[in-house]
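We name chains A, B, ... by the order of the sequence lines, and we start the count at 1 in each one.
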Protein chains: 2
Amino acid sequence: MQINIDILLAWGAAYKKVAAGEIIFHEGTESSFYYQLVSGKVRWVNINDQGKEFIQTIIEPEECFGEFPLFDDEPFAASAIADEDSVIIRLHRSSFHQLLRENPELHFEFTRLLTQRLRFKFLILKELANHNPEGSISTLLNYFKQTQKNICTKCNRLKLTRQQIADMTGLRVETVIRTMKFMQSKGDLQITKGKVYC
Amino acid sequence: MQINIDILLAWGAAYKKVAAGEIIFHEGTESSFYYQLVSGKVRWVNINDQGKEFIQTIIEPEECFGEFPLFDDEPFAASAIADEDSVIIRLHRSSFHQLLRENPELHFEFTRLLTQRLRFKFLILKELANHNPEGSISTLLNYFKQTQKNICTKCNRLKLTRQQIADMTGLRVETVIRTMKFMQSKGDLQITKGKVYC
DNA sequence: TGAGCAGTATGATTTGAATCATACTATCTT
DNA sequence: AAGATAGTATGATTCAAATCATACTGCTCA
C-alpha cells in the first residue's frame with residue numbers, strides 16, 4: 001500500500017536521500033513521522049546482541065514502513081536500514097492523522113496493509129514454531145510468489161541471497177544453502193549457476 | 001480493544017454460546033463476521049499436520065479476534081477454539097464496515113489494536129529467531145506483565161500452564177519446564193507448588 | 001582481462017532442544 | 001476422603017541445526 005506521492009507532497013511531506021548502509025531509524029527510538037520508500041531498498045530489521053539480524057520485512061518502492069508509533073505511541077519495533085542508495089519521503093504524524101481523517105478510504109487501505117503484514121507474521125511464526133527448515137523456506141518462497149515480491153515475475157528468479165533468506169527465517173546461511181540444494185534435488189525448485197528459480 | 005456491546009447490539013450483532021473445546025472457526029475458511037469475546041476464553045491457534053498447536057494469541061473477554069478477512073478478503077489465518085464455555089458476539093461484515101465509516105474514532109482504535117498485535121509478533125519473532133528458550137520465555141512473560149494479560153495483577157501469578165507457554169513459543173513443554181526452573185534458580189521468577197510468580 | 005570480493009558450497013564437529021520414558025504433585029470430581 | 005486426571009518434573013538418549021573451517025564460483029571494478 002502506498003500513498004500517492006503528490007498527495008504526500010501536498011500535505012507537506014519532504015524527501016530525504018539515504019546512502020546504502022545508512023540507518024534511517026533505530027529500534028527503540030521515538031517517531032513523529034510517516035515513512036514511505038520512493039526508490040531503492042530498505043530492510044526493517046532487528047539486530048541482537050551478537051549483531052545477528054532478523055529481517056522482519058524487506059521494503060520496496062512505494063511501501064511504507066515504521067508505522068507502529070503512529071498508531072500506538074510506542075517506539076520503533078525494529079530498525080530501518082537502506083540496502084542501497086535510496087530516497088524516502090516522510091510526513092509529520094499530525095498531518096498524517098489528519099490525512100486519514102479526511103480520507104476514510106485511505107484509512108481503510110492502511111488497515112488492509114496492517115492486516116496483510118499481520119497475516120504474514122502469523123504465517124512465518126507458525127512455520128518457525130515447527131522447527132522445519134524446508135517448511136519455513138518453502139512457505140517464505142511461496143509467499144514471495146503470491147505477493148510478487150523478491151521474485152522476478154518474468155523468469156521466476158529469486159532476487160534474494162541465501163543470507164537474506166536465513167535472516168528472514170532465523171536459520172543459518174549454511175542450513176539455507178543445504179536445504180535449498182535438497183529442495184532442488186526433489187524438483188521443488190531449480191538452481192543454475194547459484195541462482196534460484198522457483 | 002473492544003467495541004461496546006450496546007453499540008454492537010444496536011448494529012444488529014448476535015450472541016452465540018460456545019462450549020469448551022468447540023471450534024468457532026477453522027483456519028483457511030472464509031468469514032463474513034466481526035467476532036468479539038463476551039465471556040470465557042478463546043485461543044487463536046494454528047495446528048500442524050502432527051496435531052501440534054501454535055497459539056498465536058489468547059483472547060480474553062471484550063477482545064475481538066479473527067478480523068483479518070474483514071480487511072483483506074482472505075480466509076482465516078488461524079483457528080479459534082474455546083478453552084472454556086464461552087459467549088461470543090458477532091456482527092456481519094457489511095454492518096461492521098458501515099460502523100467504522102460512521103465512527104472514525106472507532107476505526108482509529110481498531111488500527112491501534114492491529115498495530116499492537118503486529119508489534120507483539122515482531123517481538124516474538126525476533127526472539128524465536130535467536131534460538132534461545134530463556135530469551136523467548138522471558139520476553140513473553142515481560143509482555144504479559146506490561147499488558148496485564150495472563151498474570152494476576154494482585155499476586156503476579158502466571159495464569160498459564162507450561163504447555164501454553166510452550167505452544168506460544170514453539171518450544172517443547174519439557175524445555176519450558178526446565179528453562180523456568182533455571183530462571184527460578186537465577187532469581188528471575190519464583191515457583192511455589194508448581195505455580196509461577198513473575 | 002585479471003584481481004578482489006561477495007556469495008555459494010562442502011566437510012567435520014559440537015551441542016542443546018527434541019524426543020522418549022517415567023515418576024511425582026496438585027487439582028478436580030465423586 | 002479417595003480415586004482419577006491434568007499438570008509438573010526428572011532422567012536418558014537422539015539428532016539435526018548450529019558452529020567452525022575451508023574451498024569454489026560468480027560478479028564487480030580497475
Nearest-Å distance, CD (A/Gln190) to P (C/dT8)?
17 Å

Would you name the heavy atoms of A/Phe54 and A/Met168 that are closest together and state the gap between them?
CE1-O, 3.5 Å

In whole angstrom, what separates B/Met180's CE from C/dA17's C1'?
17 Å

Taking atom types as modelled, find out whether A/Thr153 and A/Gln148 have a side-chain donor-acceptor pair closer than 3.5 angstrom.
no

Which whole-number value in Å describes the distance from B/Phe182 CZ to C/dG16 P?
12 Å

Rounded to the nearest 0.5 Å, how far does CD of B/Gln164 lie from OG1 of B/Thr169?
11.5 Å

Interatomic distance where CD belongs to A/Glu84 and C1' belongs to D/dT28 [whole Å]
16 Å

Whole-Å distance between D/dG26 C1' and A/Leu158 CG?
16 Å

Tell me whether the guanidinium CZ or amine NZ of A/Arg119 lies under 6.0 angstrom from the six-membered ring centre of A/Tyr143 and within 45° of its axis.
no

Could you list the cluster mates of B/Val173? Members are the ILVMFWY residues connected by side-chain heavy atoms closer than 4.5 Å, either directly or through other members.
B/Ile177

Within the 4.0 Å limit for protein heavy atoms, which parts of nucleotides 6-17 of chain D are touched? Write it as a string from 5' to 3', B for base, S for sugar-phosphate only, - for none.
--SBBBB----S

Between CG of A/Asp167 and C1' of C/dG7 the distance, given in whole Å, is 13 Å

Decide whether B/Ser32 and B/His92 meet the rule of one side-chain donor and one side-chain acceptor closer than 3.5 Å.
no

